[in-house]
Novice: 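Got a structure for you, written out below as structure tokens; questions coming shortly.
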Amino acid sequence: MCLIMDSEDDHHNNNDGTDVLSPPFNFSMVEDGIYRSGLPRPDNFAFLDTLNLRSIIYLCPEPYPEENLKFLEANNIKLFQFGIEGKTDPPTPMPKDTVLDALKVLVDVRNHPILIHCKRGKHRTGCLVGCLRKVQSWCLSSVLEEYQKNAGLQWRQRDLNLIEAFDIVSLRKCLLSIMYRYHGYGFKRRRLAYEEEKVQTPKPQAAKV
């Protein structure tokens with residue numbers, strides 16, 4: 001078995017008989033059971049199989065590709081779509097209410113393992129992960145550094161402003177009867193515990209194609 005780190009334009013042909021696993025563009029692990037990337041292509045499906053995903057958070061307004069929907073259906077993966085525009089004129093920050101709704105799905109361990117992605121896995125995905133880090137009590141400099149590392153030269157000041165201004169108290173209020181707490185600070189020890197009573201979970205906003 002061979003693992004190839006993907007790029008936006010690379011396409012991989014395997015002629016030597018070995019199994020080639022190609023992650024989606026900009027793929028990385030956020031936490032145990034939480035992953036991020038750009039939009040997966042069909043040649044990434046074999047790699048996604050290895051993650052045993054339960055859910056995908058899709059942060060774009062465009063309909064989810066038909067071939068991707070078929071992959072999700074075949075593997076019993078739930079799709080949560082939050083339609084956030086990538087580029088606006090004039091430029092505007094991501095809507096806070098939508099970010100909160102996406103975070104409520106992301107921190108619910110019943111949805112893990114989960115993949116977060118937009119088109120390239122940089123700005124919208126980076127903002128959501130940045131807000132998650134604040135919930136995890138990361139220091140702000142580390143949160144912004146992680147965002148810029150994944151966004152590269154295309155980082156956006158308005159994204160940094162959104163992450164910096166994000167109020168974790170508002171998330172805790174939205175969780176109602178679910179209490180989420182992160183324990184420890186080590187990569188392996190930061191686990192999410194939850195207690196649930198009566199919870200109304202939002203229905204997945206799967207795109208209609």
Side-chain angles (χ1 to χ4, degrees), residues 1-84 86 102-133 136 146-147 149-154 187-188 190-192 201-209:
M1 183 178 295
C2 177
L3 177 65
I4 295 179
M5 297 310 294
D6 205 359
S7 67
E8 287 181 279
D9 301 316
D10 288 344
H11 293 270
H12 307 296
N13 295 316
N14 179 30
N15 298 318
D16 60 2
T18 59
D19 293 329
V20 177
L21 297 181
S22 176
F25 171 72
N26 223 12
F27 174 84
S28 64
M29 176 184 284
V30 177
E31 285 287 334
D32 289 336
I34 302 178
Y35 308 92
R36 61 178 291 172
S37 74
L39 177 66
R41 299 193 309 249
D43 59 331
N44 305 135
F45 293 167
F47 175 82
L48 294 184
D49 268 336
T50 68
L51 303 180
N52 298 312
L53 295 174
R54 286 185 182 176
S55 312
I56 284 180
I57 291 178
Y58 175 50
L59 299 174
C60 301
E62 295 81 13
Y64 211 53
E66 180 67 27
E67 52 202 353
N68 291 50
L69 286 173
K70 291 179 179 178
F71 171 77
L72 300 192
E73 183 178 0
N75 291 275
N76 196 30
I77 299 172
K78 188 181 300 184
L79 175 66
F80 295 90
Q81 181 171 4
F82 301 92
I84 300 172
L103 275 171
K104 288 164 65 177
V105 173
L106 179 58
V107 299
D108 190 337
V109 294
R110 295 170 297 180
N111 297 320
H112 297 181
I114 190 168
L115 173 68
I116 316 160
H117 76 80
C118 48
K119 186 176 181 181
R120 294 183 176 85
K122 295 181 179 181
H123 305 111
R124 287 165 283 192
T125 299
C127 284
L128 185 60
V129 172
C131 293
L132 172 67
R133 296 307 193 193
Q136 293 176 303
E146 182 184 42
Y147 166 86
K149 177 182 177 181
N150 284 277
L153 297 177
Q154 297 177 328
F187 181 80
K188 293 292 186 181
R190 192 181 295 116
R191 292 181 295 177
L192 190 61
T201 55
K203 294 181 179 180
Q205 300 298 310
K208 297 181 180 179
V209 180

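Heads up: numbering here begins at 1 and tracks the sequence. It should be emphasised that the depicted structure is a prediction, and the values quoted were computed from it without experimental measurement.
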Novice: Would you name the heavy atoms of Asn111 and Lys78 that are closest together and state the gap between them?
Specialist: OD1-NZ, 4.4 Å
Novice: If you compare all heavy atoms of Leu53 against all heavy atoms of Tyr35, which two are closest, and at what distance to 0.1 Å?
Specialist: CD2-CD1, 4.2 Å
Novice: Let me confirm one number: the NZ-OG distance from Lys149 to Ser28, rounded to the nearest 0.5 Å.
Specialist: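 Answer rounded to 0.5 Å: 8.0 Å.
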Novice: Can Asp32 and His112 be said to form a side-chain contact (heavy atoms from CB on, under 4.5 Å), step by step?
Specialist: CA-CA 9 Å; Asp32 289 336; His112 297 181; over 6 Å; no
Novice: Which distance, rounded to the nearest 0.5 Å, do you find between the SG of Cys60 and the CG of Leu39?
Specialist: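 So the SG of Cys60 and the CG of Leu39 are separated by 7.0 Å.
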Novice: Given the rule in the side-chain contact (heavy atoms from CB on, under 4.5 Å) test, do Ile114 and Ile57 qualify, once you have shown the distances and angles that lead to the verdict?
Specialist: CA-CA 7 Å; Ile114 190 168; Ile57 291 178; 3.6 Å; yes
Novice: A side-chain contact here means heavy atoms from C-beta on lying under 4.5 Å apart; do Leu48 and Ile77 qualify?
Specialist: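 Sidechains of Ile77 and Leu48: no contact.
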Novice: Is there a side-chain contact between Leu79 and Leu69, using heavy atoms and a 4.5 Å cut-off?
Specialist: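 Heavy-atom side-chain distance check passes, below 4.5 Å.
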Novice: Please tell me if the side chains of Asn44 and Pro24 come closer than 4.5 Å, counting only heavy atoms from C-beta onward.
Specialist: yes
Novice: In the structure I gave you, are the side-chain heavy atoms of Val129 and Tyr147 within less than 4.5 Å of one another anywhere?
Specialist: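 When only atoms from C-beta onward are counted, Tyr147 and Val129 do not touch, as no gap falls below 4.5 Å.
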Novice: Does the side chain of Phe82 come within less than 4.5 Å of Leu128's, by heavy atoms?
Specialist: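 The answer is no, as the side chains (C-beta and beyond) never meet within the 4.5 Å cut-off.
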Novice: Which class fits the ring pair His117 and Tyr58: parallel under 30°, tilted 30 to 60°, perpendicular over 60°?
Specialist: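 Ring orientation of His117 relative to Tyr58: tilted.
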Novice: Looking at CG of Leu132 and CD of Glu146, how far apart are the two atoms once the value is rounded to the nearest 0.5 Å?
Specialist: 9.0 Å
Novice: Testing the basics here: between Arg124 and Cys118, what is the closest heavy-atom pair and its distance to 0.1 Å?
Specialist: NE-CB, 3.8 Å
Novice: Output the distance between atom CD (Glu62) and atom NZ (Lys119), rounded to the nearest 0.5 Å.
Specialist: 7.5 Å
Novice: Using side-chain heavy atoms (C-beta onward) and a distance below 4.5 Å, is Asn26 in contact with Lys122?
Specialist: yes
Novice: Heavy atoms, side chains only, cut-off 4.5 Å: are Asp108 and Ser55 in contact?
Specialist: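 No, every pair of side-chain atoms sits at 4.5 Å or beyond.
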Novice: Looking at every heavy atom in both Ser22 and Phe47, which two are closest together, and how far apart are they?
Specialist: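 Scanning both residues completely, I find the closest heavy atoms to be O-CB, 3.6 Å.
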Novice: With side-chain contact (heavy atoms from CB on, under 4.5 Å) as the test, pick out the partner of Ile116 among Leu106, Val105, Ile56.
Specialist: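 Only one of Leu106, Val105, Ile56 forms a side-chain contact (heavy atoms from CB on, under 4.5 Å) with Ile116, namely Leu106.
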Novice: Is there side-chain contact between Phe45 and Asn68, with heavy atoms separated by less than 4.5 Å?
Specialist: yes
